[in-house]
Amino acid sequence: RKEVEQDPGPFNVPEGATVAFNCTYSNSASQSFFWYRQDCRKEPKLLMSVYSSGNEDGRFTAQLNRASQYISLLIRDSKLSDSATYLCVLPEASGSARQLTFGSGTQLTVLP
Amino acid sequence: GAGVSQSPSNKVTEKGKDVELRCDPISGHTALYWYRQRLGQGLEFLIYFQGNSAPDKSGLPSDRFSAERTGESVSTLTIQRTQQEDSAVYLCASSLLTNTGELFFGEGSRLTVL
């Protein structure tokens, strides 16, 4: 099993919809996780950092389910500009963030 | 600029040639990472530098790949005797702290090996 697995999508949703992505992980020692977004042919950029069970920032909510070993990203009232690939990222097992494991990403397209 | 700067942005080379990619991290960032991203794929860790500590080279795919960093500044990634499977975007990232996942990426160097 890969350390971090994501549904590649694509997710095609209408503007204004609520969409959620899941990311499963195999390293149960992870205490924190991160969501990055990557626009087409651009570099990844940090979207959210989560150091506890969850975090909310405007239309975005990230949650951690330790029992089932998955993290989720919920986007409410989606905008056209939300179209991107969303990468979940976990630190390596030692707890150091010196090496981060990136998921392959979930592609989201918000349609007008 | 204030961000991570990478050069060249695009490089086309012939199989068997050596290439050198450069990364200028954000000033003051002690940690520097190199990743590789093949078309439609996720990020593949290559190497990590932290200050004057020995680099973590565990992600380098073969001995054709090497990287150096001078202190806490510029880093170069060298690929010798390039192969077609080396074609990818090579992303450099830096971070201020080593205990967070907050990396700042450059725009990448797109390498095409013919």
Side-chain angles (χ1 to χ4, degrees), chain A residues 2-10 21 23-25 27 29-52 55 57 62 64 71 73 84-109, chain B residues 1 3-7 9-10 21 23-26 29-51 53-60 69 88-112:
Chain A
K2 291 183 181 179
E3 288 186 46
V4 178
E5 290 198 55
Q6 290 186 255
D7 181 345
F21 315 130
C23 174
T24 58
Y25 62 93
N27 169 18
S30 295
Q31 299 296 312
S32 58
F33 62 97
F34 312 90
W35 282 100
Y36 279 70
R37 71 170 279 168
Q38 186 173 24
D39 293 309
C40 187
R41 300 177 75 87
K42 295 287 190 180
E43 73 276 19
K45 292 184 179 178
L46 180 67
L47 177 67
M48 295 183 75
S49 302
V50 185
Y51 296 101
S52 59
N55 191 11
D57 183 5
L64 169 63
I71 59 178
L73 178 67
T85 296
Y86 291 83
L87 310 172
C88 69
V89 184
L90 282 82
E92 66 172 8
S94 69
S96 166
R98 67 188 178 95
Q99 186 178 135
L100 301 170
T101 302
F102 282 77
S104 297
T106 297
Q107 184 180 342
L108 171 67
T109 301
Chain B
V4 177
S5 177
Q6 291 188 244
S7 62
S9 55
N10 278 287
L21 309 176
C23 173
D24 275 288
I26 293 172
H29 280 197
T30 58
L32 186 148
Y33 305 73
W34 282 98
Y35 290 89
R36 177 170 69 179
Q37 188 172 33
R38 292 193 169 106
L39 187 63
Q41 303 294 313
L43 272 71
E44 177 185 0
F45 168 77
L46 297 178
I47 189 169
Y48 161 83
F49 295 90
Q50 168 55 37
S53 301
D56 177 352
K57 304 180 180 180
S58 60
L60 294 178
R69 187 182 185 192
V89 176
Y90 289 83
L91 290 159
C92 175
S94 69
S95 67
L96 181 59
L97 302 174
T98 58
N99 60 349
T100 77
E102 298 181 52
L103 305 187
F104 295 84
F105 284 85
E107 294 186 348
S109 291
R110 184 175 300 275
L111 174 66
T112 303

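The sequence lines fix the lettering, A, B, ..., with proteins before strands; numbering per chain opens at 1.
For B:E44, the CD atom counts as densely surrounded, since its 6.0 Å shell holds more than 12 non-hydrogen atoms of other residues, nucleotides or ligands.
Taken to the nearest 0.5 Å, the CZ atom of B:F105 stands 5.5 Å off from the OH atom of A:Y36. In this structure, B:Q37 CD and A:E43 CD are separated by 11.0 Å, a value rounded to the nearest 0.5 Å. For the atom pair CG of A:L46 and CG of B:L103, the computed distance is 8.5 Å after rounding to the nearest 0.5 Å.
When each of B:S58, B:G108, B:G42 is checked for heavy-atom pairs under 4.5 Å with chain A, B:G42 comes out on top.
By the side-chain contact (heavy atoms from CB on, under 4.5 Å) test, A:D39 is found to be paired with A:R37, A:K42, A:A84, residues two or more places apart in sequence or in another chain being considered. Judged as a side-chain hydrogen bond (donor to acceptor under 3.5 Å, both in side chains), and not counting sequence neighbours, A:N55 has no contacts.
When heavy atoms are compared at a cutoff of 4.5 Å, A:Q38 approaches chain B solely by way of its side chain, counted from C-beta outward. With a threshold of 4.5 angstrom between heavy atoms, A:F33 does not approach chain B through any atom at all. With a threshold of 4.5 angstrom between heavy atoms, B:L91 approaches chain A through side-chain atoms but not through N, CA, C or O.
Between the B:Y33 side chain and the A:L100 main chain, no donor and acceptor come within less than 3.5 Å of each other.
Contact detail for B:E102 and A:S49: the closest heavy-atom pair is CG-OG, 3.8 Å.
Aromatic ring centroids of A:F102 and B:Y35 lie under 6.0 Å apart.
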